Protein chains: 2
Amino acid sequence: MRFEPVRTVRAYERIVEQIEEAVERGDLRPGERLPSERELMVQFSVSRSTVREALRVLQARGLVRSRPGDPNGAEVQPFTPAALHKSMTTLARVDELSIGELVQFRMVLDSAANLLAARLKTPEQLAEMEAAIAAMRASADQGYETFSAADVAFHDAVARASGNKLIEICNDVVRSIVLNLVAGKLADAPELMERSVRHHEEVLEAVRQGDGQSAARLARQTMYDYYETYVPEAQRDALRALLE
Amino acid sequence: MRFEPVRTVRAYERIVEQIEEAVERGDLRPGERLPSERELMVQFSVSRSTVREALRVLQARGLVRSRPGDPNGAEVQPFTPAALHKSMTTLARVDELSIGELVQFRMVLDSAANLLAARLKTPEQLAEMEAAIAAMRASADQGYETFSAADVAFHDAVARASGNKLIEICNDVVRSIVLNLVAGKLADAPELMERSVRHHEEVLEAVRQGDGQSAARLARQTMYDYYETYVPEAQRDALRALLE
DNA sequence: ATGCATTTGTTCGTATGTATC
DNA sequence: AGATACATACGAACAAATGCA
């Protein structure tokens, strides 16, 4: 007979587990309130400090949010990729994720999104994409900020049309990291913007016609062209491997 | 003149920020120790509870780990995708991510990994893949557990060979979630295993020959065939869109 | 619009189990 | 084996913020 080593589990962890499970089971829905800290310390029969440590962890995971003085207790949050975003950002910073790897990942995701969108798009989603491109063209002379916002809107519409929430979320997270990295470096370059608009139109046309392969290939090419100059020469080869 | 709204930032958050930045800057390297809680409460001039709440958050993010009685204080952890894994798991549970979406995401990632691996593989990595497939065949009659472990080893080797840590990590995270979901449902099916081994061999052959397109396509097909029966009929269409 | 009661944020003091030297 | 320093956990207290009558 062999015994398992006993894992000493902290009191606050058990509280986290219980509340986490309640949320995942759907017993606690977004918008609902947790009991007050004093009530929780009675229910779990622990001290207030322990309750608070548990709440801090839950808050860090984005499951609840508590404000000082709120008599209704902590609020259960709807899911946001904030926690996901946080850990990916630290990954990018601590583990020295290169800009090349990030752009490459975006190429993979955006490519897949376009492939699927070409097949699954609805007329409303097509209209969104068209509107986004129109906004891109209109803002070409209004500076990088506005242009970038329209660009983001287009890629978001495509990601939504893919019908895969995981693609949508990861796309969103990695994009914001990339945009943060190149922020400042990205000057206003009218000719670059204009070319980008043309490329996006080609992508959209392929999506409209349901030609997923072309849409995916064009999307990869578009992104490569757009970020090429910000990726160190040594890393570009790996990116070009996706273009063949 | 416009003023910014004052965001009241909690004391423990500032502590989290400071330590987080120190880790991200590299001032605190994995393995190094934080000062003890009593020391920290002096340095930040806050109370013990506040320090502890900050440490709980940092621990939830996987940056540090503290154990009772350790005279050296909390230890800075090397980056692990544990936090990433956690938030993706809650995403899968709370936001009702379907098994179809998860498998589809794996198809996208694994496909990209194979495409890149075909181009960037080293002889050592090829040897790893060969060893993994050999282990798969050897364990075909030893039950699902051993077989699955060898299967994981193969996909891991490919992901590493892709040279993209983001692909590697996301692959790992999503795979473990999928395996968790189908756990139990997946009975021992010798003929399924045998077919899977053959498919993996075809993938490996394409990788060996540097034929990225074929490797990617075969990888998608292999995964689809393997998980098809566990994906509800209605969701399979979206998966098949990746096979054309 | 003004208090009032309640809640969270934070502090301090204390007791207990535990790891290291 | 003992001493020391540590994290864990408890409880009481005060300030600041919030919601409601």
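Per chain, numbering begins at 1; letters A, B, ... match sequence-line order. Below, each value reflects all heavy atoms present in this structure, side chains not excepted, and no hydrogens, waters or symmetry copies. Note that the structure is a prediction, hence the values are computed from the model and not measured.
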Separation of atom [atom1] in [X] from atom [atom2] in [N], rounded to whole Å:
X     : N      : atom1 : atom2 : result
B/R65 : D/dC6  : CZ    : P     : 18 Å
B/L40 : D/dA5  : CG    : P     : 17 Å
B/E37 : C/dT18 : CD    : P     : 17 Å
A/Y12 : D/dC10 : OH    : C1'   : 17 Å
A/E39 : C/dT6  : CD    : C1'   : 13 Å
B/E75 : C/dA19 : CD    : C1'   : 14 Å

Does [X] have any salt bridge (Lys or Arg N to Asp or Glu O under 4.0 Å) partners at least two apart in sequence or in another chain, and if so, which?
X     : result
B/R48 : B/E37
B/E32 : none
A/E39 : none

Produce the list of close N/O pairs, under 3.5 Å, pairing protein atoms with atoms of nucleotides 19-21 of chain D; give distances to one decimal.
unit_1: D/dG19; atom_1: OP1; unit_2: A/R67; atom_2: NH2; d: 2.5

- prompt: Quick one: does A/S148's side chain have a donor or acceptor within less than 3.5 Å of a partner on A/E145's backbone?
  reply: no
Donor-acceptor pairs under 3.5 angstrom involving side-chain atoms of residues 58-71 of chain A: please list them, not counting sequence neighbours.
unit_1: A/Q59; atom_1: OE1; unit_2: A/R56; atom_2: NH2; d: 3.3
unit_1: A/Q59; atom_1: OE1; unit_2: A/S66; atom_2: OG; d: 3.2
unit_1: A/R61; atom_1: NH1; unit_2: A/E20; atom_2: OE1; d: 3.4
unit_1: A/R61; atom_1: NH1; unit_2: A/E20; atom_2: OE2; d: 2.9
unit_1: A/S66; atom_1: OG; unit_2: A/R56; atom_2: NH2; d: 3.1
unit_1: A/D70; atom_1: OD1; unit_2: A/N72; atom_2: N; d: 2.9
unit_1: A/D70; atom_1: OD2; unit_2: A/R33; atom_2: NH1; d: 3.0

- line: Sorted by chain and residue number, the side-chain hydrogen bond (donor to acceptor under 3.5 Å, both in side chains) partners of B/Q125 (sequence neighbours excluded) come out as B/T122
message: Just to be sure I understand the geometry, which residues of residues 43-59 of chain A put a non-hydrogen atom under 4.0 Å away from DNA chain C?
response: A/R48, A/R52, A/R56
message: Run the side chain to side chain contact (heavy atoms under 4.5 Å, CB included) test against A/Q235 and tell me which residues pass, sequence neighbours left out.
response: A/S98, A/I99, A/V231, A/P232
- prompt: What residues, two or more places apart in sequence or in another chain, satisfy ring-ring contact (aromatic ring centres under 6.0 Å, His included) together with B/H155?
  reply: B/H200
